[in-house]
Amino acid sequence: MMENQKSYEQLAELDKKHFLHPTTAIKQQQANGPEFILTKGEGVRLYDLKGRSSIDGLSSLWNVNIGHGREEIAQVAYEQMKTLGYSSCFATFSNEPAIKLAAKLAEIAPGNLTATFFTSGGSESNDTAYKLARHYWILKGQPERKKIISRSQSYHGVAMGATSATGLKPFRDFTNSLAPDFCYVDHFSPQALRDKIKEEGPETVAAYIAEPVQGAGGVHIAPEGYFKEIRSICDEFGILFITDEVITAFGRTGKYFGIDHYDVAPDMMCFAKGITSGYAQLGGVMISETMHNDFIELSEGTLLHGYTYSGHPMACAVALKNLEILERENLIDNARVMGEELLKGFKKIQSERSVVGDVRTLGLIGAVEFVKNKETNERFPEPLAPKVLAEAAKRGLIVRSVVFDNQDTLVFAPPLIINQQEINELIQILNESIEAVERTAVSASN
């Protein structure tokens, strides 16, 4: 134990000195060092250098769908790396795992999405979607169609285009020079989209992008009929409809893809995260058969867009095994069933804790909101979610807080392998953590 503590302290100092962390408060890192130095993952649990065991209540970053420590995945990566660890897919070079994965995606994807452009992750996928959409309209003889409309409280990544499309203003404020031709509308209002299209001019709009469930923005689940109206509006004005399934794809919501809940199909679909359950870096954009045929017919010369790791053979081999596991173990159905159990647990806490407002899930993605007054939805002056998060971490549960745009929310996305006993443990820790914070918060507000 002493040796572990010494190793932790040494690594923590190196972390502070040399590691600039993504999406992290730099002063917090410098003051306290890393919150966890993780050493092992197994099932739904993570273990750190101090010997702590925690339920991974967010699948690390919404992505470890099949759970941690899967030896099958390690083996298939090893076998692929032994034979062909890397090859370029530029200039019509190809490889067997990439071809087979593209075919598998065409088999399972919604609507008539049939062709895939591979990337290394979600931000690249979103940037690729905007470029492909704009290039598509150039090929169609409508180069003025270049504007991308997205929703408030949306998150689409941190590459330049993805940042510019993100509806959460703090992410856009991080930089002082955004990409042009991005617009935003209310996240639950089809009429707002119609009005924005008319305001900008339909002939200038290339595409509308939306997450089937807004994840990083606070797990906002669209109201009934929303996406059918969106699809209708896009069709009316000849605008491409892009779904950002980076968080919601591959079983997270209890269906293969989040948009499957809404009985509509997009023209383009971005994905990443759950395609490999985080075991390898991979993402992509799928386009409809109609778009693909237009590209084939109208394109001349080289498609001048591509990443070094587009179609990476090892990552694609991992993805194929990951999808096999999802299907073989019925994890998509388990996400639906356990998501219902998670919601029951949230509702029980809601009935017992005076500070818990709205609770919601769709499959195994969910949220718990904190309010000072349940009747008026009034918030506490200082958000409770970060405090509950800290209490939960002490007790062995890792989750995430969202406080953008006057929100006070904890968000959840445990691995799809989670069982009833683990759901019960998650709920118990959450309830105890909220109770610990509630006493102080209610006392301070009186």
Side-chain angles (χ1 to χ4, degrees), residues 61-63 65 73 76-77 79-81 83-136 156-162 207 209 240 242-251 256-257 266-289 291-293 295-296 299 302-324 326:
L61 206 58
W62 317 87
N63 59 342
N65 288 7
I73 296 288
V76 79
E79 294 295 337
Q80 183 59 49
M81 290 170 78
T83 56
L84 181 67
Y86 170 74
S87 66
S88 166
C89 289
F90 285 27
T92 77
F93 280 64
S94 200
N95 65 78
E96 185 176 352
I99 293 168
K100 287 185 173 179
L101 180 58
K104 175 63 177 177
L105 289 168
E107 176 189 316
I108 62 177
N112 69 341
L113 298 173
T114 57
T116 299
F117 185 103
F118 288 113
T119 72
S120 301
S123 291
E124 285 186 2
S125 296
N126 276 278
D127 267 30
T128 295
Y130 314 142
K131 287 182 73 175
L132 288 180
R134 288 164 169 166
H135 185 66
Y136 175 76
H156 298 293
V158 293
M160 186 54 71
I209 185 166
L240 297 173
I242 308 171
T243 52
D244 178 347
E245 294 260 9
V246 170
I247 285 175
T248 53
F250 309 109
Y256 231 128
F257 299 93
D267 302 297
M268 306 175 71
M269 180 178 76
C270 305
F271 64 85
K273 295 191 183 290
I275 182 70
T276 64
S277 288
Y279 284 80
Q281 301 95 322
L282 184 67
V285 181
M286 296 195 73
I287 64 174
S288 69
E289 186 174 20
M291 285 188 69
H292 192 210
N293 287 339
F295 271 114
I296 293 168
S299 183
T302 301
L303 180 69
L304 292 172
H305 181 69
Y307 301 102
T308 299
Y309 298 114
S310 291
H312 191 286
M314 183 276 289
C316 291
V318 166
L320 284 165
K321 178 58 69 173
N322 177 67
L323 297 181
E324 177 191 315
L326 279 175

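Position 1 is the first residue of the sequence, and the numbers go up from there. FYI, side chains are in, hydrogens and waters are out, and symmetry mates aren't considered; it's all heavy atoms of this structure.
Note: Tyr309 and His312 have tilted aromatic rings, judged against thresholds of 30 and 60 degrees for the angle between ring planes. The aromatic rings of Phe250 and Phe271 lie perpendicular to each other, with more than 60° between the two planes, well past the 30° mark.
Put simply, the side chain of Asn126 never gets that close to the backbone of Gly157: no donor and acceptor are under 3.5 Å apart. The backbone N or O of Ser277 lies less than 3.5 Å from no partner atom in the side chain of Asn65, so there is not a single donor-acceptor pair. With hydrogens and angles disregarded, a donor-acceptor distance shorter than 3.5 Å links the side chain of Lys273 to the backbone of Leu61. Proximity of a side-chain donor or acceptor of Ser310 to a complementary backbone N or O of Gly306 within less than 3.5 Å is not detected.
The heavy-atom pair separating Cys89 from Gly311 by the smallest distance is SG-O, 3.7 Å. Minimum interatomic distance between Ser87 and Ser94 (heavy atoms only, all atoms of both residues): OG-O, 4.5 Å. Taking both residues in full, the closest heavy atoms of Ile242 and Cys270 are given as CG2-SG, 4.0 Å, listed atom of the first, atom of the second, then distance. Heavy atoms only, all atoms of each residue included: Gln80 and Met314 are closest at CG-CA, 3.6 Å. Across Leu113 and Pro266, no two heavy atoms sit closer than the pair CD2-O, 3.7 Å. What you find for Ala249 and Phe257 is that their closest heavy atoms are CB-CD2, 3.6 Å.
Here Lys100 contributes atom NZ and Cys316 contributes atom SG; the two are 12.5 Å apart, rounded to the nearest 0.5 Å. In this structure, CG on Leu240 lies 11.5 Å from CD1 on Ile209, to the nearest 0.5 angstrom. From Phe117, atom CZ reaches atom NE2 of His292 across 12.0 Å, with rounding to the nearest 0.5 Å. From Gln281, atom CD reaches atom OG1 of Thr119 across 11.0 Å, with rounding to the nearest 0.5 Å. For the atom pair Met286 CE and Asn112 CG, the distance stands at 9.5 Å (nearest 0.5 Å). In this structure, the separation between OG1 on Thr276 and NZ on Lys321 is 14.5 Å, given to the nearest 0.5 Å.
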Working for side chain to side chain contact (heavy atoms under 4.5 Å, CB included), residues Leu282 and Val318: CA-CA 9 Å; Leu282 184 67; Val318 166; over 6 Å; no
Using the rule given for side chain to side chain contact (heavy atoms under 4.5 Å, CB included), can you reason through Thr308 versus Phe90, listing the C-alpha separation, both sets of side-chain angles and the distance that settles it, and then say yes or no? CA-CA 8 Å; Thr308 299; Phe90 285 27; 5.7 Å; no
Might you work through the side chain to side chain contact (heavy atoms under 4.5 Å, CB included) test for Ile287 and Tyr136, ending with a clear yes or no? CA-CA 11 Å; Ile287 64 174; Tyr136 175 76; over 6 Å; no
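A donor-acceptor contact under 3.5 angstrom links the side chains of His305 and Thr128, judged on distance only.
With respect to Ile275, the side-chain contact (heavy atoms from CB on, under 4.5 Å) criterion is satisfied by exactly one of Leu105, Val246, Asn63: Leu105.
Put simply, the side chain of Met269 does not reach to within 4.5 Å of the side chain of Val285, judged on heavy atoms.
More than 12 heavy atoms of other shown residues, nucleotides or ligands fall within 6.0 angstrom of atom CD in Glu79.
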